[in-house]
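For reference, the structure discussed in these notes is given below.
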Amino acid sequence: MELTISVKGNKFTVQDKAQARVLYTVKKKGFGSGRYVLLDASNYNLYSLVQTGEDRKPSFIITHNDIAIMQITCKSMFLDPTINIEGKDISKHPVKYSLVSKDHRNFQILRDDAKVGAIITKVTMAKDLQYELEIENKIFDDYIPLFAVAVDLTFGDMNKNS
């Protein structure tokens, strides 16, 4: 599956690359909060991404029905940038992902140390960031676009300025 995630301010639009139709929207909820909600095309709230740490290495949780299901932790910002995601999907199966990069822009998505996809950062002509997300169809779940949002919130300012 190939998705394009466009960023405009605090809103992320997720489109199916092949059919060019909007599948999801991610919006910041409330003023000053670190909460982003993932809405499907019918505006149904599927998941939330909540920033839990303000320190140099940001951390987040993914919630489903206000219950934390995954922890996202930035392990390294500069030398081999890495974001780890651990928890359980909504069917209670343990999941472990890693987003690994060499340049803050191009990330490989690993699930249990096997490559299952990639997130590529692009800068548009208007100097906005855009993410190309590729993921194996059998691995895809609705929360996967939140990985690109976590990459943006962690490395977005760095990528805009370079």
Side-chain angles (χ1 to χ4, degrees), residues 1-7 9-14 23-30 32-40 44-122 129-136 138-160:
M1 174 172 272
E2 294 182 19
L3 303 174
T4 301
I5 301 158
S6 303
V7 184
N10 288 323
K11 182 179 176 184
F12 300 79
T13 304
V14 182
L23 299 177
Y24 307 101
T25 304
V26 180
K27 296 179 182 176
K28 188 170 187 179
K29 191 79 170 170
S33 75
R35 181 182 193 88
Y36 291 81
V37 293
L38 175 71
L39 306 167
D40 68 6
Y44 180 75
N45 186 352
L46 299 172
Y47 293 94
S48 294
L49 178 74
V50 182
Q51 189 163 354
T52 57
E54 293 289 330
D55 52 31
R56 288 180 41 199
K57 295 180 187 174
S59 59
F60 309 90
I61 56 171
I62 294 177
T63 64
H64 178 70
N65 294 332
D66 292 326
I67 297 170
I69 60 167
M70 291 184 197
Q71 178 71 38
I72 301 175
T73 309
C74 177
K75 290 297 179 189
S76 175
M77 291 283 292
F78 299 104
L79 198 58
D80 295 329
T82 302
I83 296 175
N84 289 335
I85 301 124
E86 293 186 49
K88 295 184 178 183
D89 59 19
I90 59 171
S91 57
K92 305 291 187 225
H93 292 104
V95 291
K96 181 180 178 183
Y97 293 95
S98 294
L99 309 178
V100 297
S101 176
K102 295 286 183 199
D103 62 0
H104 308 108
R105 290 179 172 267
N106 302 318
F107 289 84
Q108 290 186 16
I109 303 172
L110 306 176
R111 181 172 174 159
D112 300 322
D113 298 323
K115 184 178 179 193
V116 295
I119 299 173
I120 308 300
T121 305
K122 298 186 176 195
L129 293 179
Q130 182 174 305
Y131 299 91
E132 303 289 329
L133 189 148
E134 278 183 41
I135 189 84
E136 291 179 13
K138 65 181 179 175
I139 300 295
F140 181 79
D141 204 330
D142 290 326
Y143 57 78
I144 297 289
L146 291 174
F147 295 179
V149 176
V151 167
D152 184 76
L153 295 173
T154 305
F155 299 105
D157 287 339
M158 191 181 306
N159 288 334
K160 278 184 190 174

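- Partner of Y24 under the side-chain hydrogen bond (donor to acceptor under 3.5 Å, both in side chains) criterion, out of D142, D40, T13: D142 alone.
- The CD1 atom of I5 sits 6.5 Å away from atom CD1 of I119, with the distance rounded to the nearest 0.5 Å.
- Nearest heavy atom pair, residue L133 against residue P145, reads CD1-CA, 4.3 Å.
- Between G156 and Y131, the shortest heavy-atom distance links the atoms CA-OH, 4.2 Å.
- A 4.5 Å side-chain heavy-atom check between K57 and T73 finds every atom pair outside the cut-off.
- With respect to V149, the side-chain contact (heavy atoms from CB on, under 4.5 Å) criterion is satisfied by exactly one of V151, D152, L153: L153.
- Inter-residue side-chain proximity for I72 and I83 is flagged as met; some heavy-atom pair is nearer than 4.5 Å.
- With values rounded to the nearest 0.5 angstrom, K88 atom NZ is found 15.0 Å from H64 atom NE2.
- Annotation: side chain of I85 is not in contact with side chain of V95 (no heavy-atom distance under 4.5 Å).
- When T63, I62, L146, N65 are each tested for a side-chain contact (heavy atoms from CB on, under 4.5 Å) with S48, only one passes: T63.
- T82 and S76 share no side-chain donor-acceptor pair at under 3.5 Å.
- Here the CD-OG1 distance, from E132 to T4, works out to 4.0 Å after rounding to the nearest 0.5 Å.
- For the pair S101 (side chain) and N106 (backbone), a donor-acceptor distance under 3.5 Å is present.
- In this structure the side chain of M77 reaches within 4.5 angstrom of the side chain of T154, judged on heavy atoms.
- The closest side-chain heavy-atom distance from K102 to D80 is below 4.5 Å.
- The shortest non-hydrogen separation linking R105 to T121 is O-OG1, 2.7 Å.
- Shown here for N84 and S98, the closest heavy-atom pair between the two residues is OD1-OG, 3.0 Å.
- Counting only heavy atoms from C-beta outward, the side chains of Y143 and L46 never approach each other to under 4.5 Å.
- Counting heavy-atom neighbours within 6.0 Å of D112 CG, excluding the residue itself, gives a total above 12.
- Counting all heavy atoms, side chain and backbone alike, E134 lies closest to I109 at O-CD1, 4.0 Å.
- To the nearest 0.5 Å, the span separating CZ on F12 from NZ on K27 amounts to 13.0 Å.
- Annotation for K29: atom NZ does not count as buried by contact number, only 12 or fewer foreign heavy atoms lying within 6.0 Å.
- A distance of 12.0 Å separates CG of D66 from CD1 of I69, quoted to the nearest 0.5 Å.
- With values rounded to the nearest 0.5 angstrom, K96 atom NZ is found 12.5 Å from R111 atom CZ.
- Between V50 and R35, some side-chain heavy-atom pair lies under the 4.5 Å cut-off.
- Pairs of residues two or more places apart, or lying in two chains, that qualify as ring-ring contact (aromatic ring centres under 6.0 Å, His included) and include a residue from residues 88-113 are Y97-F147, H104-F155, F107-F155.
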